[in-house]
Colleague: 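Pasting in a structure now, in structure tokens, and then I'll have a few things to ask.
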Amino acid sequence: MHVMVSEYNDDWKQKFSEESQKITDIFGNELVDIHHIGSTSVPGLKAKPIIDIMPVVKDIKKIDSLNEQMTGLGYECMGELGMKGRRYFRKGGDNRTHQVHVFQRDNNEDITRHMAVRDYLRTHPDEANRYGDLKESLAKRFPRDIEAYMDGKDAFVKELERKALNWYKMGKETLS
């Protein structure tokens, strides 16, 4: 897979909106909520131009019966793909355009982690810029090696998740 990081694009919000409506139509009453996550959901953040979508559903097992409909939208159905309790779909092959990460509504750990990182980056532009610069430099160093790209940002992402979760939990506690 070719690794390309680009400047933030205002079209990403519209692409999320269009695709999330198609997914909403397929998931129907099983859907509780649907979120734009990942780097394309953070205004101003450099990112691989892949829209990450996180549907939250009532019963994750029922999503397996919708694989054929997701395939009809152009998605590959990848099952859990290394993350227990998730259903993962990707669209676009080597030129991926969308990734869908489905979680059951009681999977607070994974849902909170994704939301915390997104919201933290949205409200901490210095961190977002540092993350974007790291991704851009890794993409230039490893344009054809997604594994090396991912390895290169691993330590930063783990620290980002730790800070974001602490920040998120502090906000939740002060609101209650």
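As the structure is a computational prediction, the values presented were derived from the model and not from experiment. Computation of the quantities below employed the complete heavy-atom set of this structure, encompassing side-chain atoms and omitting hydrogens, waters and symmetry-equivalent molecules.
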Colleague: Could you check whether any side-chain heavy atom of Pro55 comes within less than 4.5 Å of a side-chain heavy atom of Ile34, counting everything from C-beta outward?
Modeller: yes

Colleague: Please enumerate all residues that pass salt bridge (charged side-chain N to carboxylate O under 4.0 Å, His left out) together with Lys135, with sequence neighbours excluded.
Modeller: none

Colleague: Would you say that His114 contacts Phe103 through its side chain, given a criterion of any heavy-atom pair below 4.5 Å between the two side chains?
Modeller: yes

Colleague: Looking at Asn95, I want to see if its CG is surrounded by more than 12 non-hydrogen atoms of other residues, nucleotides or ligands under 6.0 Å.
Modeller: no

Colleague: With rounding to the nearest 0.5 Å, note down the distance linking NZ in Lys91 to CE in Met70.
Modeller: 8.0 Å

Colleague: Taking C-beta and beyond as the side chain, do Ile63 and Leu66 meet within less than 4.5 Å on heavy atoms?
Modeller: yes

Colleague: Surrounding CD of Glu18 (heavy atoms of other residues, nucleotides or ligands, distance under 6.0 Å), is the total greater than 12?
Modeller: yes

Colleague: Evaluate the side-chain proximity of Tyr131 to Phe156: yes if any heavy-atom separation is below 4.5 Å, no if none is.
Modeller: yes

Colleague: Could you state the interatomic distance from CG (Asp106) to NZ (Lys58), rounded to the nearest 0.5 Å?
Modeller: 13.5 Å

Colleague: Can you confirm whether Thr123 sits close enough to Trp167 that some side-chain heavy atom of one is under 4.5 Å from a side-chain heavy atom of the other?
Modeller: yes

Colleague: Can you tell me if CZ on Arg141 sees more than 12 non-hydrogen neighbours from other groups inside 6.0 Å?
Modeller: no

Colleague: Would you find more than 12 non-hydrogen atoms of other residues, nucleotides or ligands less than 6.0 Å from Asp154 atom CG?
Modeller: yes

Colleague: From Thr112 OG1 over to Glu161 CD, what is the distance, rounded to the nearest 0.5 angstrom?
Modeller: 12.0 Å

Colleague: Between Asp64 and Arg87, does any side-chain N to carboxylate O distance fall below 4.0 Å?
Modeller: yes

Colleague: Check the side chains of Asp126 and Asn129 for a donor-acceptor pair under 3.5 angstrom, ignoring hydrogens and angles.
Modeller: no

Colleague: Answer with yes or no after comparing the ring centroid distance for Trp12 and His36 against a 6.0 Å cut-off, counting only values under it.
Modeller: no

Colleague: In terms of hydrophobic clusters joined by side-chain contacts under 4.5 Å, are Leu45 and Met150 together?
Modeller: yes

Colleague: Please evaluate residues Met83 and His101 with respect to the criterion side-chain contact (heavy atoms from CB on, under 4.5 Å), reporting the C-alpha separation (whole Å), side-chain torsions for both, the decisive distance (0.1 Å), and the verdict.
Modeller: CA-CA 10 Å; Met83 188 179 289; His101 313 262; over 6 Å; no

Colleague: With a 4.5 Å limit on heavy-atom distance, are the side chains of Val56 and Ile111 in contact?
Modeller: yes

Colleague: According to a hydrophobic-cluster definition based on side-chain heavy atoms being under 4.5 Å apart (Ile, Leu, Val, Met, Phe, Trp, Tyr only), do Val157 and Ile37 belong together?
Modeller: yes

Colleague: Flag yes if Val117 and Met115 sit in one hydrophobic cluster, no otherwise; membership is Ile, Leu, Val, Met, Phe, Trp, Tyr, and two members link when side-chain heavy atoms are under 4.5 Å apart.
Modeller: yes

Colleague: CG/Asn29 to NZ/Lys62 distance, rounded to the nearest 0.5 angstrom?
Modeller: 10.0 Å

Colleague: Run the numbers on Leu138 and Lys153 for side-chain contact (heavy atoms from CB on, under 4.5 Å), then give the verdict.
Modeller: CA-CA 8 Å; Leu138 288 167; Lys153 63 180 200 152; 3.8 Å; yes

Colleague: Checking side-chain contact (heavy atoms from CB on, under 4.5 Å) against Ser41, which of His35, Met54, Arg122 comes through?
Modeller: Arg122

Colleague: Quick check on the hydrophobic clustering: are Ile50 and Ile53 connected, directly or via other members, by side-chain heavy-atom contacts under 4.5 Å?
Modeller: no

Colleague: Indicate whether any N or O donor in one side chain lies under 3.5 Å from an N or O acceptor in the other, for Glu80 and Tyr88.
Modeller: no

Colleague: Indicate the atoms forming the closest heavy-atom contact of Tyr8 with Gly44, along with that distance.
Modeller: CG-N, 3.2 Å

Colleague: How long is the straight-line distance from CZ of Arg113 back to CZ of Arg118, given to the nearest 0.5 Å?
Modeller: 14.0 Å

Colleague: May I ask you to check whether His2 and Arg144 show a side-chain donor-acceptor distance below 3.5 Å?
Modeller: yes

Colleague: Between Val100 and Val102, is the side-chain contact (heavy atoms from CB on, under 4.5 Å) condition met? List the steps.
Modeller: CA-CA 6 Å; Val100 177; Val102 187; 3.8 Å; yes

Colleague: Could you check whether Phe89 and His98 have their ring centres less than 6.0 Å apart?
Modeller: no

Colleague: If you take all heavy atoms of Asn107 and Lys84, which pair is closest and at what distance?
Modeller: ND2-O, 4.5 Å

Colleague: Whether the Tyr75 and Gln69 side chains hold a donor-acceptor pair (N or O, under 3.5 Å, no angle test) is what I'd like checked.
Modeller: no

Colleague: Check this for me: does any side-chain nitrogen of one of Glu136 and Lys46 sit under 4.0 Å from a carboxylate oxygen of the other?
Modeller: yes

Colleague: Within a strict 4.5 Å, meaning less than it, do heavy atoms of the Phe16 and Thr40 side chains meet?
Modeller: no

Colleague: If you take all heavy atoms of Val5 and Ala139, which pair is closest and at what distance?
Modeller: CG2-CB, 3.7 Å

Colleague: Given side chains that start at C-beta, do those of Ile51 and Thr97 come closer than 4.5 Å, heavy atoms only?
Modeller: no

Colleague: Before you tell me yes or no, could you show the steps for Arg130 and Leu134 under side-chain contact (heavy atoms from CB on, under 4.5 Å), namely the whole-Å CA-CA distance, both residues' side-chain angles and the distance that decides it to 0.1 Å?
Modeller: CA-CA 6 Å; Arg130 282 185 9 165; Leu134 173 64; over 6 Å; no

Colleague: Can you tell me how far CG of Asp52 sits from CZ of Arg90, rounded to the nearest 0.5 angstrom?
Modeller: 13.0 Å

Colleague: Does Gln104 reach the main-chain N or O of Gly85 with its side chain, forming a donor-acceptor pair under 3.5 Å?
Modeller: no

